[in-house]
Protein chains: 2
Amino acid sequence: MNAEEFLKLENQLCFAIYACSREITRLYRPILDDLELTYPQFLTLAVLWEHQRLTVKEISQHLQLDSGTLTPMLKRMEAMGVLERKRASEDERKVYIELTNKGIHLKKKAIQLPEKCIPHFGLSEHQYKELLASMQQLIENLQQVTRLT
Amino acid sequence: MNAEEFLKLENQLCFAIYACSREITRLYRPILDDLELTYPQFLTLAVLWEHQRLTVKEISQHLQLDSGTLTPMLKRMEAMGVLERKRASEDERKVYIELTNKGIHLKKKAIQLPEKCIPHFGLSEHQYKELLASMQQLIENLQQVTRLT
DNA sequence: TAAAATTAGGTTGTGCACAATTTAATTTTA
DNA sequence: TAAAATTAAATTGTGCACAACCTAATTTTA
């Protein structure tokens, strides 16, 4: 396949990934609406369900989002009462993010998200894991290029 | 894998796809900057390089973007001089989008995008096609759920 | 240890992405 | 054929996503 062919939409892996990402979000939306969360907010909670307390920087590393995206989103989530932002006393530059009880308990409801949605992917568990591994490998390959300091 | 496991970020195919999409855009950005295009603008041109003249609705179907996204973007692209918006005379509701010479000629430069970037994916042509097919199949499966009128 | 460099988070501005609504044109149907 | 329904595009408003820049705290190093 030559470069000209790669310009066609149907041959662009990048477009398929971009379109797929939005399509999954569309599938998730009714349940996210029920949780009163956006998808990036859900991801933020997912990180915090695993790690309890993280700095903004650490969340930024997990989600690959910068402070320009995170700061306003975390403020909105604080206003919603799902988490708290606490300036670290040992290093005044850092801000710790901690879940409130409301944020912790959202996990129970959030379990519906994978439960109800993943079956619609139409993939066997094996196919799911294969595809997940391929995507993670691709991310790693890309980061080697984009993250060269 | 149970629903609880699926909530972990590392097991979420959706997160991998979302992160990968942004990572590829990051890889493309230096070349897109050179073309003075954003990624969605590049996609719009890619559709028009294949189809010459399309209505907003048709572009919307190719890219799965609604008029709320397309209308302002197409206006910006018109202001940049890469395309023209023409109200159809046979049906005044429709707006045709046509490339200008500038828009047509951008294709030559744009060939660098796949040429320079796809090698960084670190995939063989076979792997590229496999992954592309998997993503397209997944999109189709998802659309059967999200597009039920 | 004072100046320089680095780091963490915040701010500002632009451009999607999408829901909800509006407007005007066209098609359907009673 | 007039009213109702549908369609195409535009508009409004919210929330990311990210570049560029700023501020203050901490670390490095001369």
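Just so we're on the same page: letters track the sequence lines, and every chain starts at 1. Here the structure is a predicted model, which is why all the values come from computation and not from measurement.
Contacts of A/Glu90 with the nucleic acid, taken as non-hydrogen atoms under 4.0 Å apart, involve only primed sugar atoms and P, OP1 or OP2.
For residues 116-142 of chain A, every residue pair satisfying the salt bridge (Lys or Arg N to Asp or Glu O under 4.0 Å) rule, not counting sequence neighbours, is listed here: A/Glu125-A/Lys129. Here salt bridge (Lys or Arg N to Asp or Glu O under 4.0 Å) pairs that include residues 41-52 of chain B, with residues two or more places apart or in two chains, number zero. Among pairs with a residue in residues 49-104 of chain A, those fulfilling ring-ring contact (aromatic ring centres under 6.0 Å, His included) read A/His51-A/His62, at least two apart in sequence or across chains. For residues 65-87 of chain B, the set of pairs meeting the salt bridge (Lys or Arg N to Asp or Glu O under 4.0 Å) definition, not counting sequence neighbours, comprises B/Glu78-B/Arg85, B/Glu84-B/Lys86, B/Lys86-B/Glu98.
As rounded to whole Å, 19 Å separates atom P of D/dT23 from atom CD of A/Glu92. We find that CD1 of A/Ile59 is positioned 14 Å from P of C/dA8, with the value rounded to whole Å.
The side-chain hydrogen bond (donor to acceptor under 3.5 Å, both in side chains) check on A/Lys102 picks up nothing, with sequence neighbours excluded. Remark: B/Glu92 engages no residue in a side-chain hydrogen bond (donor to acceptor under 3.5 Å, both in side chains) (not counting sequence neighbours). Qualifying side-chain hydrogen bond (donor to acceptor under 3.5 Å, both in side chains) partners for B/Gln12, counting only residues two or more places apart in sequence or in other chains: none. Here B/His105 pairs with nothing under the ring-ring contact (aromatic ring centres under 6.0 Å, His included) rule; sequence neighbours left out. In this structure B/Gln64 satisfies the side-chain hydrogen bond (donor to acceptor under 3.5 Å, both in side chains) test together with B/Arg147, sequence neighbours excluded.
Listed by residue number, B/Arg22, B/Arg26, B/Arg29 are the residues of residues 20-37 of chain B with a heavy-atom contact under 4.0 Å to DNA chain D.
Inter-residue side-chain proximity for B/Phe121 and B/Leu27 is flagged as met; some heavy-atom pair is nearer than 4.5 Å.
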Which letters describe nucleotides 7-16 of chain D, given B = protein heavy atom under 4.0 Å from base, S = only from sugar-phosphate, - = neither? BSSBB---SS
Base-pair string, DNA chain D, Watson-Crick plus G-U, cut-off 3.5 Å on both distances, | for inter-strand, is ||||||||||||||||||||||||||||||
